[in-house]
Amino acid sequence: EEIASRNGKCKDLQNDITKYQNSLMEAKSKHDEEIASQNEESRSLQNEITKYRNSITDLKIKHDDLLEEIASRNGESTSLQNDMAKYRNSLTDAMKKHNDLLEELASQNEESTSLQN
């Protein structure tokens, strides 16, 4: 009877050990699934980060290109403004010369009229 009782307790302990092992295996399996899920999420987030980083890089390149274009156009604009200033000065000089010639013509007309009289 003592041996049978101990054998029964032994079987109960073995059953408990089996239950705990099964619980442990189930917990480990859930843990592994959770890690796999988190790894997948992490890869997905890394891919998104890479896409945004590439977009930012592309936008920075475009920004730099636009700044160069602006600088180029500003250079062209400055050149055009300088040309306009030269033409304006030339026009002013030509108008002054024109006015001087008109005055000289008026003076000569007066002299001519005076001589004719």
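In what follows, residues are counted from 1 in the order of the sequence shown.
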Is there a donor-acceptor pair closer than 3.5 Å between any side-chain N or O of [X] and the backbone N or O of [Y]?
X: Ser112; Y: Gln108; result: no
X: Thr113; Y: Asn109; result: yes
X: Thr92; Y: Arg88; result: yes
X: Thr57; Y: Arg53; result: yes
X: Thr18; Y: Gln14; result: yes

Distance in Å, [X] [atom1] paired with [Y] [atom2], rounded so as to fall on 0.5 Å steps:
X: Leu45; Y: Thr50; atom1: CG; atom2: OG1; answer: 10.5 Å
X: Tyr52; Y: Asn47; atom1: OH; atom2: CG; answer: 12.0 Å
X: Asn74; Y: Glu69; atom1: CG; atom2: CD; answer: 10.0 Å
X: Ile49; Y: Ile56; atom1: CD1; atom2: CD1; answer: 10.5 Å
X: His98; Y: Leu105; atom1: NE2; atom2: CG; answer: 9.5 Å
X: Met84; Y: Ser77; atom1: CE; atom2: OG; answer: 9.0 Å

Please determine if [X] and [Y] form a salt bridge, counting it only when a charged side-chain N lies under 4.0 Å from a carboxylate O.
X: Lys28; Y: Asp32; result: yes
X: Glu34; Y: Lys30; result: no
X: Glu40; Y: Arg43; result: yes
X: Lys97; Y: Asp93; result: no

> Please walk me through it: do Glu41 and Ser37 pass side chain to side chain contact (heavy atoms under 4.5 Å, CB included)?
Replying inline: CA-CA 6 Å; Glu41 287 178 30; Ser37 173; 3.6 Å; yes

>> Looking at Leu13, I'd like to know if its CG atom is crowded, meaning that more than 12 non-hydrogen atoms belonging to other residues, nucleotides or ligands lie closer than 6.0 Å.
In response: yes

> With Ser29, which of Met25, Glu33, Glu26 fulfils side chain to side chain contact (heavy atoms under 4.5 Å, CB included)?
Replying inline: Glu33

What I'd like to find out is whether the side chain of [X] reaches to under 4.5 Å of the side chain of [Y], using heavy atoms alone.
X: Lys9; Y: Ser5; answer: yes
X: Leu67; Y: His63; answer: yes
X: Asp83; Y: Lys86; answer: yes

>> Pair Arg73, Glu76 - check salt bridge (charged side-chain N to carboxylate O under 4.0 Å, His left out), show working.
In response: CA-CA 5 Å; Arg73 288 185 182 187; Glu76 291 172 11; 5.8 Å; no

